[in-house]
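Okay, structure first, notes after.
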Amino acid sequence: MATNPSLVVRLVSASVAISNRAGSIIREIMKAGDLGVVHKDKDKTDPQTEADRKAQRCIVASLAKRFPGVTVIGEEDLSQDDSLIEMKDSEEVLKVKCPDDLKDVKPGEVCIWVDPVDGTTEYTQGFLDHVTVLIGVAVNGKAVGGVIHQPYYNYQAGPGAPMGRTMWGIVGVGCFGCENKDSLGGKRVITTTRSHGTEAVQETIDAMQPDEVLRVGGAGHKVLLLLEGRASAYIFASPGCKKWDTCAPQALLNSMGGKLTDVHGNLYEYHKEVKHRNMGGVIAAARNHEFYVSRVPQSIKDQLPAA
Ligand code: AMP
Ligand code: MG
Ligand code: MG
């Protein structure tokens with residue numbers, strides 16, 4: 001272990017352990033069978049379950065206890081509950097050398113964006129591998145590190161296969177926990193929403209002339225497909241995603257040389273006063289990001305404000 005891990009390294013190390021704990025909570029609630037669904041909007045397109053509530057309580061309380069002075073913003077609007085605090089670390093993360101530009105970060109410069117269950121709709125419908133836990137670390141508004149935990153990785157792999165996995169990254173260090181197998185074979189595979197589609201989303205995908213379109217749940221899950229080389233780009237020309245959906249994915253993609261931006265090619269910012277909605281949509285890719293931005297029709301760009 002480095003003698004004095006920096007704040008950013010300690011935050012990502014803690015986030016790995018905390019997201020693992022949140023993943024167990026999510027699995028336990030599904031196993032117990034009562035999801036406790038409530039709807040956050042009148043159209044019932046934005047459900048919240050007991051897993052969202054309990055996982056967020058665990059993540060926010062653990063980060064607040066361990067990192068006083070750091071701002072933590074979670075998706076769910078909940079009272080503080082200190083009954084589920086995770087104090088473990090990831091020894092693997094603690095070993096890394098912090099990049100010089102992140103060595104002296106102070107707590108007041110940090111804002112952490114938490115999506116306790118990304119892909120809640122899919123969780124309630126049994127598409128369990130679409131579910132992720134997202135913890136994104138931003139410094140002075142820039143997404144610099146984070147964790148994507150997939151609680152149901154291997155859930156169909158049979159007995160003995162380890163359940164769940166955690167990908168983590170720090171910009172300037174790298175992205176760890178999944179292998180880029182590049183199974184695309186030269187094809188252009190676009191991944192997009194399966195439950196929040198609009199005409200503009202479809203028109204933008206059509207303009208990319210894809211060989212294949214994968215409609216799956218969750219921003220975290222779609223970015224995982226990019227990290228693993230199973231999709232070429234994540235395209236969503238609509239304002240539905242929020243900062244907690246994109247902070248960790250943006251940091252992980254960036255840490256392996258990829259990019260997540262709005263449809264104009266602008267990076268999103270993540271300081272604590274920023275608007276929660278990503279009004280400019282999402283264009284993300286592990287490589288050739290500029291190509292996808294260049295293919296967004298001008299009429300769509302005109303509808304969506306820049307980040
Ligand atoms: P999706 O790709 O549809 O699974 O969405 C990725 C993330 O953005 C999830 O956390 C969704 O809840 C959120 N999201 C996207 N579009 C909308 C929308 N129209 N209303 C509410 N949440 C949305
Ligand atoms: Mg989400
Ligand atoms: Mg969520």
Side-chain angles (χ1 to χ4, degrees), residues 19 22-23 25-26 29-30 35-60 72-78 112-136 143 146-152 190-202 204-205 213-226 231 233-250 252-253 260 262-263 268 270 275-284 303-304:
S19 70
I25 292 170
I26 292 164
I29 288 167
M30 178 58 77
L35 298 188
V37 177
V38 297
H39 290 280
K40 294 192 281 187
D41 61 337
K42 63 175 179 356
D43 300 335
K44 300 193 172 182
T45 60
D46 204 5
Q48 182 200 66
T49 69
E50 181 58 15
D52 299 75
R53 295 184 287 272
K54 204 167 170 186
Q56 175 163 313
R57 287 197 162 107
C58 165
I59 298 167
V60 171
V72 183
I73 301 178
E75 172 174 5
E76 315 305 337
D77 194 7
L78 299 172
I112 304 186
W113 294 86
V114 176
D115 191 341
V117 178
D118 182 49
T120 301
T121 303
E122 285 70 24
Y123 178 70
T124 64
Q125 295 173 349
F127 297 96
L128 297 178
D129 50 340
H130 298 196
V131 172
T132 59
V133 177
L134 305 175
I135 306 179
V147 167
I148 302 180
H149 172 75
Q150 190 181 26
Y152 288 99
I190 303 290
T191 186
T192 192
T193 183
R194 61 176 280 282
S195 62
H196 298 107
T198 64
E199 270 177 34
V201 170
Q202 191 54 45
T204 309
I205 293 169
V213 179
L214 298 176
R215 296 178 198 283
V216 298
H221 177 53
K222 284 188 267 295
V223 168
L224 266 184
L225 297 180
L226 303 178
Y234 165 17
I235 305 295
F236 186 61
S238 171
C241 289
K242 321 289 187 316
K243 293 294 177 298
W244 43 78
D245 292 308
T246 52
C247 184
Q250 184 170 320
L252 264 70
L253 263 177
L260 183 153
D262 69 7
V263 293
Y268 282 108
Y270 296 93
K275 284 207 180 81
H276 291 171
R277 254 169 182 257
N278 291 338
M279 295 305 289
V282 175
I283 305 286
Q303 288 167 33
L304 298 172

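Atoms considered below: every heavy atom in the structure, side chains included; atoms not considered: hydrogens, waters and symmetry mates. Nothing fancy with the numbering, it's 1 onward along the sequence. Here the structure is a predicted model, which means the values were calculated and not measured. Whatever order the structure lists them in is the order used to number ligands and atoms, beginning at 1.
When heavy-atom distances to ligand 1 are checked against a 4.0 Å cut-off, T193 comes that close through both its backbone and its side chain. At a heavy-atom cutoff of 4.0 Å, ligand 1 is contacted by the side chain of K242 but not by its backbone. Proximity of H130 to ligand 1, defined as any heavy-atom pair under 4.0 Å, is not found for any part of the residue.
Of all N/O/S atoms in D115, OD2 sits nearest the Mg ion (ligand 2). Taking the Mg ion (ligand 3) as reference, E75 places its N/O/S atom OE1 nearest.
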The test is side-chain contact (heavy atoms from CB on, under 4.5 Å); show your working for I205 and V213 and say whether it passes. CA-CA 8 Å; I205 293 169; V213 179; 3.8 Å; yes

Quick one: do L260 and I283 satisfy side-chain contact (heavy atoms from CB on, under 4.5 Å)? Show the steps, please. CA-CA 6 Å; L260 183 153; I283 305 286; over 6 Å; no

Decide yes or no on side-chain contact (heavy atoms from CB on, under 4.5 Å) for V117 and T132, but give the supporting numbers first. CA-CA 6 Å; V117 178; T132 59; over 6 Å; no

What's the verdict on side chain to side chain donor-acceptor pair (under 3.5 Å) for N278 and K243, showing C-alpha distance, side-chain angles and the deciding distance? CA-CA 6 Å; N278 291 338; K243 293 294 177 298; 2.7 Å; yes

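Ligand 1 has no nitrogen or oxygen under 3.5 angstrom from a nitrogen or oxygen of T45.
Every atom of ligand 1 with a heavy atom of D118 under 4.0 Å away is listed here by number and element: 7 (C), 9 (C), 10 (O). Distances below 4.0 Å separate heavy atoms of A219 from the following atoms of ligand 1: 6 (C). With ligand atoms numbered from 1 in the order given, ligand 1 contributes 7 (C), 8 (O), 9 (C), 10 (O), 13 (C) to contacts under 4.0 Å with heavy atoms of D245. Near G217, the atoms of ligand 1 lying under 4.0 angstrom from a non-hydrogen atom of the residue are 4 (O). Heavy-atom contacts of K222 reach the following atoms of ligand 1: 1 (P), 2 (O), 4 (O) (cutoff under 4.0 Å).
Within the model, atoms CG of D118 and CH2 of W244 stand 11.5 Å from one another, a figure rounded to the nearest 0.5 Å. A distance of 13.0 Å separates CD1 in I73 from CG in D115, rounded to the nearest 0.5 Å.
The closest non-hydrogen atom to atom 15 (C) of ligand 1, taken over G119, P249, G281, G240, comes from G240. The nearest non-hydrogen atom to atom 12 (O) of ligand 1, considering only E122, R277, H196, R194, comes from H196.
Side-chain N or O atoms of K40 include none that pairs as donor or acceptor with a backbone N or O of V38 at under 3.5 Å.
Each of Y270, W113, Y268 was checked for a side chain to side chain donor-acceptor pair (under 3.5 Å) with Q250, and the lone residue meeting it is Y270. Here the options are I25, L78, I29, the test is side chain to side chain contact (heavy atoms under 4.5 Å, CB included), and the partner is R53; only L78 passes.
Judged by distance alone, the side chains of E75 and Q56 never bring a donor and an acceptor atom under 3.5 Å apart.
Heavy atoms of F236 come nearer than 4.0 angstrom to ligand 1 in at least one pair. Using a non-hydrogen distance threshold of 4.0 Å, G218 registers as a contact of ligand 1.
Salt bridge E122/R194: present, at least one basic N to carboxylate O contact under 4.0 Å.
Counting backbone and side-chain atoms alike, L134 contributes no N/O/S atom closer than 2.8 Å to the Mg ion (ligand 3).
Vertex the Mg ion (ligand 2), arms ending at OD1 of D245 and OD1 of D118: the angle is 90° after rounding to 10 degrees.
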